[in-house]
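Note that ligands are numbered from 1 as they come in the structure, with each ligand's atoms numbered from 1 the same way.
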Amino acid sequence: MKRKINQQLLLIAGITMLVTLCSLIIVFYEMFQKQVMSDLRVFSYLLRNSVEQSGDLKIQEEYENVLRVTWMNKDGTVLLDTNANIDSMDNHLNRPEMVQAVEQGEGQAIRKSDTLSKNTFYYAVLLNDGSVIRLSREADSIWSVFQNACPIILLIIAGIGLLSVVIANIATKRLIKPIEQMAKDLDKNTVEPIYKELEPFVKMIRQQHTDILKNAHIRQEFTANVTHELKTPLTVITGYSELIQAGIVSPEDTIRFAGEINKNASRLLTLINDILRLSQLDSKDLQASREEVDLYQISQSVIELLKVNAEKQHVTLMLSGTPQIVMGDKGMLEELVYNLCDNAIRYNVKGGKVVIYIGASEEHAILSVKDTGIGIPEKHQKRIFERFYRVDKGRSKSTGGTGLGLAIVKHIVTWHRATLKLESEEGKGTEITVAFPETVSKKN
Ligand code: ADP
């Protein structure tokens with residue numbers, strides 16, 4: 001970056017220098033031309049006055065070397081020329097400065113000399129008798145002015161170039177310094193970037209930084225939770241099996257202990273399955289398809305799966321609504337409905353009801369699972385989709401919960417670009433609604 005800025009600054013300096021020098025030469029040459037012409041005019045006035053007073057043209061010797069004087073008669077014939085033999089001179093009435101002088105009283109012209117390096121300046125004035133006096137002199141052309149100035153120009157360019165390198169270096173360092181400082185202060189949220197333009201960039205990096213830290217924290221917490229959750233059933237299994245192994249347990253207790261071991265081993269399996277499922281849903285290369293899936297059909301098969309469970313809990317399972325096709329992964333959607341219904345049964349009351357509703361709003365396919373269960377106190381409602389978050393740990397565990405069911409639900413909902421809504425009142429019941437973005441009309 002430093003090199004790039006440096007190069008740009010030098011390029012700007014180079015271009016500026018060139019343009020400035022060229023413009024200066026042009027401006028100075030303009031001024032020089034004006035000056036030469038103005039000198040010629042003054043001299044021509046003086047000559048005219050003297051000729052008109054004395055009737056004769058006299059030129060001081062010192063001017064003769066520099067100035068050429070031509071006196072042209074009314075008809076164009078040359079009466080006098082200080083630099084040439086008048087006999088060999090042609091009619092001068094066609095010279096632009098002469099034409100202008102005859103018409104307007106005075107005229108001027110600049111013509112290229114034989115050599116490229118010189119220009120000839122002409123100034124002509126009309127006399128009362130109709131004759132014209134013309135003064136001319138040679139002066140450097142712009143090209144020769146440039147050639148003469150070249151060594152000085154090169155010297156100036158070299159000098160300014162050197163100065164530019166030094167200044168560009170200092171300027172670049174000054175420009176970069178706050179950026180380097182900003183990079184060092186990136187994790188200090190209180191330090192504001194010096195350049196306004198950097199604000200969005202710094203904001204984004206800080207946000208990413210915060211997200212990374214937050215993710216790391218969530219992972220750490222999850223690992224600690226997993227360890228704890230796995231440890232509990234394993235401790236029970238080890239304890240009971242050690243007792244049985246010691247041979248000090250009565251036959252009836254052995255059967256009871258074996259039951260406990262079995263229960264905790266199943267719990268371990270369920271836990272491991274849920275953890276694996278979550279990590280699958282978390283991974284980037286999740287194996288899932290997007291196909292047309294009927295939410296109504298899925299709900300019917302979930303009801304089949306949970307029927308026995310519901311009966312055991314004395315809970316009625318019902319399905320209402322109409323078939324709705326969404327684009328999604330069948331397995332994942334089944335899992336979603338299963339987890340919601342499973343919860344609605346497990347956190348229900350004896351004689352309670354669970355209603356699955358499948359319908360459509362204007363732009364969404366709607367799936368809702370409503371129960372008449374124990375409800376969720378408001379202060380817990382925001383957090384129940386977090387991993388391992390449970391309102392009543394005892395009830396969750398005793399009904400075979402892992403604390404991961406709703407975390408899985410949330411993942412599936414996000415994957416389907418759907419939205420989740422929770423409505424619950426303690427003691428009355430809970431309704432969880434999922435709205436899918438795309439609906440496909442049912443094929444006949
Ligand atoms: P769990 O395996 O403990 O059921 P979930 O992630 O499925 O874990 O649910 C998290 C917590 O949310 C549960 O422990 C329970 O306290 C609460 N919960 C979930 N669904 C319901 C429901 N339908 N009625 C009442 N509470 C619920």
Side-chain angles (χ1 to χ4, degrees), residues 218 221-222 224-226 228-233 263-264 266-282 299 302-303 305-306 309-310 312-320 332-357 366-415 418-434:
I218 290 173
E221 209 176 21
F222 181 65
N225 275 331
V226 167
H228 177 78
E229 295 286 337
L230 293 177
K231 234 171 156 177
T232 323
K263 202 174 90 189
N264 280 282
S266 321
R267 180 166 168 67
L268 259 183
L269 267 179
T270 325
L271 248 171
I272 289 168
N273 274 337
D274 277 2
I275 293 166
L276 275 179
R277 185 66 187 133
L278 256 182
S279 96
Q280 272 173 359
L281 289 169
D282 249 348
S299 307
V302 169
I303 286 178
L305 286 172
L306 284 170
N309 252 356
K312 266 194 220 160
Q313 311 281 326
H314 306 282
V315 172
T316 323
L317 260 177
M318 283 185 294
L319 173 61
S320 75
M332 270 159 90
L333 288 170
E334 228 162 42
E335 209 174 340
L336 167 89
V337 183
Y338 184 95
N339 282 359
L340 290 179
C341 289
D342 186 44
N343 279 355
I345 296 166
R346 289 193 294 120
Y347 301 104
N348 220 314
V349 290
K350 246 189 178 167
K353 267 199 312 192
V354 175
V355 181
I356 308 174
Y357 166 77
I366 304 287
L367 155 78
S368 97
V369 178
K370 190 176 180 175
D371 65 62
T372 54
I374 59 169
I376 303 158
E378 200 169 342
K379 61 174 181 180
H380 296 288
Q381 287 182 8
K382 260 197 195 142
R383 300 196 58 190
I384 57 159
F385 292 95
E386 288 173 20
R387 296 158 182 206
F388 294 118
Y389 191 85
R390 287 170 275 211
V391 178
D392 177 351
K393 210 166 184 170
R395 181 163 183 150
S396 162
K397 281 191 174 174
S398 66
T399 54
T402 58
L404 295 173
L406 287 184
I408 292 173
V409 163
K410 197 177 163 190
H411 260 89
I412 296 174
V413 166
T414 312
W415 190 86
T419 53
L420 255 178
K421 194 173 88 187
L422 168 77
E423 281 165 293
S424 185
E425 201 177 323
E426 208 178 344
K428 285 202 166 170
T430 304
E431 180 173 11
I432 294 180
T433 311
V434 185

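Considering backbone and side-chain N/O atoms, Arg390 never comes within less than 3.5 Å of an N/O atom of ligand 1. Below 3.5 Å of separation, one finds no N or O of Ile376 facing any N or O of ligand 1. Annotation: Val391 places an N or O atom under 3.5 Å from an N or O atom of ligand 1; distance criterion only.
Summarising the geometry of Asn309 relative to Asp342, their closest heavy-atom pair is ND2-OD1, 4.2 Å, with the distance given to 0.1 Å. For the residue pair Arg387 and Asp282, the shortest heavy atom distance occurs at NH2-OD2, 2.8 Å. Nearest approach of Ser396 to Arg390, heavy atoms of both residues: OG-CD, 2.9 Å. Closest approach of Leu230 and Ile272 over heavy atoms only: CD2-CG1, 4.0 Å.
Under the 4.5 Å side-chain criterion, counting only non-hydrogen atoms from C-beta, Tyr347 is not in contact with Thr430.
Short contacts between ligand 1 and Gly403, defined as distances under 4.0 Å to a heavy atom of the residue, involve ligand atoms 1 (P), 2 (O), 3 (O), 6 (O), 8 (O). Heavy-atom proximity to Gly401, at under 4.0 Å, picks out these atoms of ligand 1: 2 (O). Taking a cut-off of under 4.0 Å to the non-hydrogen atoms of Ile384, the atoms of ligand 1 that pass are 10 (C), 12 (O). Each of the following atoms of ligand 1 lies closer than 4.0 Å to a heavy atom of Tyr389: 10 (C), 11 (C). For ligand 1, the atoms lying closer than 4.0 Å to a non-hydrogen atom of Thr402 are 2 (O).
The protein heavy-atom contact nearest to atom 15 (C) of ligand 1 is Tyr347 CZ, 3.5 Å. With hydrogens left out, the protein atom closest to atom 23 (N) of ligand 1 is Asp371 OD2, 2.9 Å, a heavy atom. Protein heavy atom closest to atom 3 (O) of ligand 1, with residue, atom name and distance, is Ser396 OG, 2.6 Å. Atom 7 (O) of ligand 1 has as its closest protein heavy atom Asn343 ND2, 2.8 Å.
Residue Lys421 holds its NZ atom at 7.0 Å from CD of Glu431, rounded to the nearest 0.5 Å. Interatomic distance, His411 NE2 to Met332 CE, rounded to the nearest 0.5 Å: 9.0 Å.
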Margin query: One pair to check against side-chain contact (heavy atoms from CB on, under 4.5 Å): Leu305 and Glu334. What are the steps and the verdict?
Written below: CA-CA 11 Å; Leu305 286 172; Glu334 228 162 42; 5.8 Å; no

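A salt bridge links Glu229 with Arg267: the closest approach of a Lys/Arg side-chain nitrogen to an acidic carboxylate oxygen falls below 4.0 angstrom.
With Asn339 as the partner, the side-chain contact (heavy atoms from CB on, under 4.5 Å) test is satisfied by one option alone out of Ile408, Val369, Leu404: Ile408.
Remark: distances from the non-hydrogen atoms of Arg346 to ligand 1 include one below 4.0 Å. Residue-ligand proximity: Gly373 is placed with every non-hydrogen atom at 4.0 Å or more from ligand 1.
Residue contacts with ligand 1 for Leu406 involve both N, CA, C or O and side-chain atoms from C-beta outward (heavy atoms, distance under 4.0 Å).
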